[in-house]
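Please read these numbers as outputs of a predicted model, since none were measured by experiment. Positions are given from 1 along the sequence. Ligands are counted one by one from 1 in listed order, and the atoms in each one are counted from 1 as well.
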Amino acid sequence: MRFIAIAFALIPLTVSALELSKEQRAAIEARIQPYSQVCVVGDDACALGDAIAEVSDLRSGEDVYNAACMACHSTGAAGAPKLGDALAWSDRLSQKGIDALYDSGVNGVAGTSMIAKGGCMDCADDEIYAAVDYMLEQSQ
Ligand code: HEC
């Protein structure tokens with residue numbers, strides 16, 4: 001008997017839960033949304049996903065230098081301006097300007113062994129700029 005009483009007592013609750021209007025439902029769903037969302041690279045459902053991925057995926061100038069530029073720029077192989085050679089870098093910087101140096105980093109210097117992106121074809125342009133910045137900073 002008692003069970004039946006409880007069961008009947010619950011019916012109004014159950015029914016009222018089902019009778020939420022669309023607006024109420026939306027309001028509740030909005031309130032119980034997760035505090036933050038995990039954005040996975042390339043996930044279009046997440047509006048910020050691509051922007052975040054772009055920022056966080058970029059390697060630092062130092063990392064790019066170590067991986068792709070050091071081979072020539074630490075030794076001066078084939079006439080590459082050496083990391084730490086303040087004179088060599090300041091000459092190039094004052095004669096050509098930073099944009100030209102960035103451009104050489106991305107596109108290479110024709111007729112020399114400075115090939116496009118130092119051969120790092122999966123490097124983003126911004127990563128190459130960062131590597132150029134890094135070499136300049138280390139060569140003052
Ligand atoms: C295979 C050797 C080699 C590698 C690897 C290399 N460089 Fe160079 N780089 C050179 C040489 C040689 C020069 C000098 C070219 C010249 O005569 O102006 C040079 C010059 C440069 C200059 C100056 C260009 C100018 O216009 O004065 C920049 C900037 C530069 N390299 C950036 C980079 C970056 C960034 C990387 C790595 C992503 C890199 N290099 C990797 C050989 C290399």
Between ligand 1 and the protein, give all atom pairs where both partners are nitrogen or oxygen and the distance is under 3.5 Å, as lines of names plus distance to 0.1 Å.
residue  : atom   : partner : partner atom : Å
ligand 1 : 7 (N)  : His73   : NE2          : 2.8
ligand 1 : 9 (N)  : His73   : NE2          : 2.9
ligand 1 : 18 (O) : Arg92   : NH1          : 2.9
ligand 1 : 26 (O) : Lys96   : NZ           : 2.8
ligand 1 : 26 (O) : Ser104  : OG           : 2.5
ligand 1 : 27 (O) : Arg92   : NH1          : 2.7
ligand 1 : 27 (O) : Lys96   : NZ           : 2.8
ligand 1 : 31 (N) : His73   : NE2          : 2.9
ligand 1 : 40 (N) : His73   : NE2          : 2.8

**OP:** For Cys123, enumerate each residue passing the disulfide bond (SG atoms under 2.5 Å apart) test, keeping only those at least two apart in sequence or located in another chain.
**Re:** Cys120

Original post:
Do the charged groups of Lys117 and Asp122 touch, with an N to O distance under 4.0 Å?
Top reply: no

Return a table of donor-acceptor pairs under 3.5 angstrom between the side chains of residues 75-88 and protein atoms on other chains or two or more places apart.
residue : atom : partner : partner atom : Å
Thr75   : OG1  : Ala71   : O            : 3.4
Thr75   : OG1  : Cys72   : O            : 3.4
Thr75   : OG1  : Ala77   : N            : 3.1
Asp85   : OD1  : Leu87   : N            : 3.3
Asp85   : OD1  : Ala88   : N            : 3.0

Original post:
Can you list the steps and then say if Ser60 with Tyr65 is a side chain to side chain contact (heavy atoms under 4.5 Å, CB included)?
Top reply: CA-CA 9 Å; Ser60 72; Tyr65 169 80; over 6 Å; no

Acceptor/donor pairs from residues 130-138 side chains to any protein atom, 3.5 angstrom cut, sequence neighbours excluded:
residue : atom : partner : partner atom : Å
Asp133  : OD1  : Tyr102  : OH           : 2.6
Asp133  : OD2  : Tyr102  : OH           : 3.2

Subject >> Spacing of CZ belonging to Arg59 relative to CD1 belonging to Ile128, to within rounding of 0.5 Å >> reply: 8.5 Å

